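Contents: one structure, followed by commentary.
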Number of protein chains: 2
Amino acid sequence: MAARAKRWRGVRRRKRLQRLMDRFLSNTVSRIDAKGRVSVPAHFRAVVQKRGYSELYALRCLDLPAMDVGGLDLLDRYEQRIALEDPFLQTADDMSFFCHGDGTFLKLDQDGRITMSDFIREHTGISAEVAFVGRGNFFQIWEPGRLAAYGAQARARLLQLRQGTKPGERPE
Amino acid sequence: MAARAKRWRGVRRRKRLQRLMDRFLSNTVSRIDAKGRVSVPAHFRAVVQKRGYSELYALRCLDLPAMDVGGLDLLDRYEQRIALEDPFLQTADDMSFFCHGDGTFLKLDQDGRITMSDFIREHTGISAEVAFVGRGNFFQIWEPGRLAAYGAQARARLLQLRQGTKPGERPE
DNA sequence: CCTATTCCCGTTGACGCCCATAGGGCCCCA
DNA sequence: TGGGGCCCTATGGGCGTCAACGGGAATAGG
């Protein structure tokens, strides 16, 4: 039974490792070369492979100068949102338009690079460098400067949320 | 016999670990070497091992120039918290942006060292030395000077609180 | 025929793996 | 109780591997 317990521990550990590795985390900045190519961070590529994404789908964020990138299950999330809307209203139609029409497929070349098309550049303002931001089940592509600005705003909002807690308290 | 000696050492080490606390306590300052590596204090590594953390999750603190470092459970708690929010509202997005985009994994090398990436240096101001601060279920990474300044502020706040209490009373 | 993409290769720098060494704490024994 | 030896931690550095990146050549497509 010691052996059994050991094996069970092993299985549990493997599951935890899988869970650990299969989400997009952290952020990195990469340079775009003369041909418009940019390396996707190796860690992200590993996650892509682990999740079995054969193709990457990039979607223009509705209210941000960024692209959401992930597998096709990325669409599920947006379609859920559309489903919440009244199908007779304009909103649902607009959402569908953005979701299905404002996306593109990204192809990884042999060296793990993608090409920054004008479609992406126009929406994001990306020119010389690209920031990759992990978001758990997907990741985002930003122009580094805009990312910094938005990140500061997001932090400010979260800090305001915390004002509701007792002063000096640090929720873990 | 070399193997036997090694195993015996291992046994003794494990016994010592049993006596050790299960929490991250006290603080230490370590130097960063030319390659950007820094040794995690041995007693912290012991806690990491005891808790079964296979990899460390590091998060940029919301309002401090420091990193919170802990196991997967740290990230789990954030994600569970996010799950309570309406996924299509700003708050959920901000939270994910924070814990996924501003978080990363740290890998201990074989000698128990981690490398200080720019990701960490930018947020903490760390350059030549690192202060490790135990916080119970996790620990923090600071630039030593900023840690001292923050400690002084915290102490001052506590003093002010105490002056608000009745004279002669000793709040504990 | 020209351009945009894809394939492939070489270079460079970063990182992980390994070993060496010094310094300090602890224990044992004289 | 002081000396000596052992072990462990912190730290430095060599080296091989791999990712990031730049650029030439081949290919497809208009």
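Everything quoted here is computed from the prediction, not taken from an experiment.
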Looking at A:R45, does any N or O in its side chain come under 4.0 Å of the phosphate oxygens OP1/OP2 on D:dA20?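 True: A:R45 side-chain N/O within range (under 4.0 Å) of D:dA20 OP1/OP2.
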Spacing of [X] atom [atom1] relative to [N] atom [atom2], expressed in whole Å:
X	N	atom1	atom2	answer
A:K35	C:dA4	NZ	P	12 Å
A:I32	D:dA20	CD1	P	15 Å
A:R37	C:dC9	CZ	C1'	12 Å
B:H43	C:dG25	NE2	P	14 Å
A:D33	D:dG24	CG	P	12 Å
A:L106	C:dT5	CG	P	13 Å

Hey, can you tell me if B:F97 and A:W142 have their rings parallel, tilted or perpendicular (30° and 60° cut-offs)?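 Perpendicular, since the angle between the ring planes exceeds 60°.
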Whether B:F24 and B:F44 hold their rings parallel, tilted or perpendicular, with breakpoints at 30° and 60°: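 Perpendicular: the ring planes of B:F24 and B:F44 meet at over 60°.
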Residue-level proximity of residues 107-132 of chain B to DNA chain C when a heavy atom falls under 4.0 Å: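 Output list: B:Q110, B:D111, B:R113, B:T115.
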What I want to check is whether an N or O donor and acceptor connect the side chain of A:R31 with the base of D:dG22 at under 3.5 Å.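 Answer no: no donor N or O sits under 3.5 Å from an acceptor.
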Base, sugar-phosphate alone, or nothing: which one does B:V38 contact when heavy atoms must sit under 4.0 Å apart?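 Contact class for B:V38: none.
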Heavy-atom closest pair, residues B:D68 and B:C61: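 Minimum heavy-atom contact is OD1-SG, 3.2 Å.
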Nucleotide nearest A:A42 when distance is taken to its side chain, options D:dA19, D:dT11, D:dG22: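 Taking heavy atoms from C-beta onward, the closest nucleotide is D:dA19.
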